[in-house]
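Numbers here are sequence positions counted from 1. Predicted model only: the values in this text are computed from it and were never measured.
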Amino acid sequence: MRTPAEMPRLKGFRFPREIIAYAVWAYHRFALSTADVEDLLAERGVIVSRETVRKWVNRFGPHFARCIKRDRPAASDKWHLDEVVVPINGAKQWLWRAVDANGDVLDILVQPRRNAKAAKRFFKRLIARFGKPRVVVTDKLRSYITPIRALAHQADHRAHKGLNNRIEGSHRPTRKREKLMGRFKSPRQAQRFLATHDQINVVFRARRYRLSAISYRHARAEAFDLWKGYAAEMTA
């Protein structure tokens with residue numbers, strides 16, 4: 001793997017940023033473990049340990065997520081909200097997720113409760129970043145009613161399980177990674193990983209069934225160009 005001249009080596013790191021960025025991309029783009037990424041790099045002549053890959057992912061994954069959030073187009077004003085249980089160390093934690101009408105993840109939040117207070121905390125966080133929505137689609141959990149009325153009373157709240165299939169599908173990658181990782185070890189780890197993983201998926205998981213082959217290749221090429229630009233912004 002050759003390093004482009006415009007992407008100098010990070011200070012204090014033995015490997016160039018292109019290799020680090022590739023490791024972070026491979027880990028989040030595919031359902032791979034750090035050992036799998038270690039083997040991919042070894043096949044390319046880059047000898048690192050899985051622990052090094054883990055440190056790269058934890059340190060630089062949030063950088064890519066921040067860049068994606070910064071540059072992403074404005075979100076749709078129609079939101080889908082849902083919550084799913086995530087067992088961590090024998091205790092129930094709840095993963096709250098919001099996606100827009102295009103299926104792109106807006107935000108996630110891991111919380112220990114599934115009540116009105118937790119719903120308000122998550123909804124308030126969304127409004128602070130994206131403004132008030134026009135439509136909010138949820139399941140029939142009554143905990144959503146009071147927060148939506150209090151924070152976005154003009155929004156059309158549609159509480160119907162059958163209308164929320166769009167966000168139900170967004171939980172599948174989480175379940176796949178949860179199984180691969182042998183479940184999350186702590187709420188903090190789950191929050192850190194999923195906040196990064198979901199944002200990277202927004203860029204690299206174009207909906208192929210909606211695109212022609214040529215359009216999909218253009219979308220993929222644009223995603224790779226974005227990733228290279230974000231790699232160039234990495235700092236030690």
State the [atom1]-[atom2] distance between [X] and [Y], to the nearest 0.5 angstrom.
| X | Y | atom1 | atom2 | answer |
| --- | --- | --- | --- | --- |
| Thr196 | Arg66 | OG1 | CZ | 8.5 Å |
| Asp104 | Asp198 | CG | CG | 10.5 Å |
| Glu51 | Lys55 | CD | NZ | 5.0 Å |
| Thr34 | Asp39 | OG1 | CG | 10.0 Å |
| Ser143 | Leu81 | OG | CG | 12.0 Å |
| Leu109 | Gln111 | CG | CD | 4.0 Å |

In a table with atom names and distances, give each donor-acceptor pair under 3.5 Å that connects a side chain of residues 84-95 to protein atoms at least two apart or in another chain.
| from | atom 1 | to | atom 2 | distance (Å) |
| --- | --- | --- | --- | --- |
| Asn89 | ND2 | Lys185 | O | 2.8 |

The test is side chain to side chain contact (heavy atoms under 4.5 Å, CB included); show your working for Leu10 and Phe60 and say whether it passes. CA-CA 12 Å; Leu10 284 165; Phe60 295 106; 3.8 Å; yes
Checking Glu222 side chain against Arg217 main chain: does a donor-acceptor pair fall under 3.5 Å? no
Looking only at non-hydrogen atoms, find the nearest pair between [X] and [Y] and report the distance.
| X | Y | answer |
| --- | --- | --- |
| Trp56 | Val24 | O-CG2, 3.8 Å |
| Lys176 | Ala31 | CD-CB, 3.7 Å |
| Arg59 | Ala236 | NH2-C, 2.9 Å |
| Ile19 | Leu41 | CG2-CD2, 4.2 Å |
| Met234 | Arg17 | O-NH1, 2.9 Å |
| Leu180 | Ser33 | CD2-N, 3.8 Å |

Do other residues, nucleotides or ligands put more than 12 heavy atoms under 6.0 Å from the [atom1] atom of [X]?
| X | atom1 | result |
| --- | --- | --- |
| Ile214 | CD1 | no |
| Gln154 | CD | no |
| Arg134 | CZ | yes |
| Arg72 | CZ | yes |
| Arg14 | CZ | no |
| Arg175 | CZ | yes |

Does some side-chain heavy atom of Phe64 sit less than 4.5 Å from a side-chain heavy atom of Gln199? no
Under 4.5 Å between any side-chain heavy atoms of Asp82 and Asp139, yes or no? yes
Given Ile68 and Ile200, is the side chain to side chain contact (heavy atoms under 4.5 Å, CB included) satisfied, shown in steps? CA-CA 7 Å; Ile68 292 168; Ile200 292 175; 4.0 Å; yes
Would you call [X] and [Y] a salt bridge, taking side-chain N to carboxylate O under 4.0 Å as the test?
| X | Y | answer |
| --- | --- | --- |
| Glu233 | Arg70 | yes |
| Glu83 | Arg114 | yes |
| Asp107 | Arg125 | yes |

With ring centroids as reference points, do Trp25 and Phe30 lie under 6.0 angstrom apart? yes
I want to know whether Phe224 and Phe204 have ring centres closer than 6.0 Å. yes
Is there a donor in the side chain of [X] and an acceptor in the side chain of [Y], or the other way round, less than 3.5 Å apart?
| X | Y | answer |
| --- | --- | --- |
| Arg97 | Thr174 | yes |
| Tyr230 | Asp71 | yes |
| Arg44 | Tyr22 | yes |

Non-neighbouring partners of Asp156 that pass side-chain contact (heavy atoms from CB on, under 4.5 Å), sequence neighbours left out: Val135, Arg158
Just say parallel, tilted or perpendicular for the rings of [X] and [Y], cut-offs at 30° and 60°.
| X | Y | answer |
| --- | --- | --- |
| Phe122 | Trp96 | tilted |
| His197 | His28 | tilted |
| Tyr144 | His157 | perpendicular |

Given the rule in the side chain to side chain contact (heavy atoms under 4.5 Å, CB included) test, do Arg177 and Tyr27 qualify, once you have shown the distances and angles that lead to the verdict? CA-CA 10 Å; Arg177 293 308 298 250; Tyr27 180 77; 3.2 Å; yes
Output, in order, the C-alpha distance, side-chain angles, deciding distance and verdict of side chain to side chain contact (heavy atoms under 4.5 Å, CB included) for Trp79 and Val137. CA-CA 6 Å; Trp79 300 352; Val137 182; over 6 Å; no
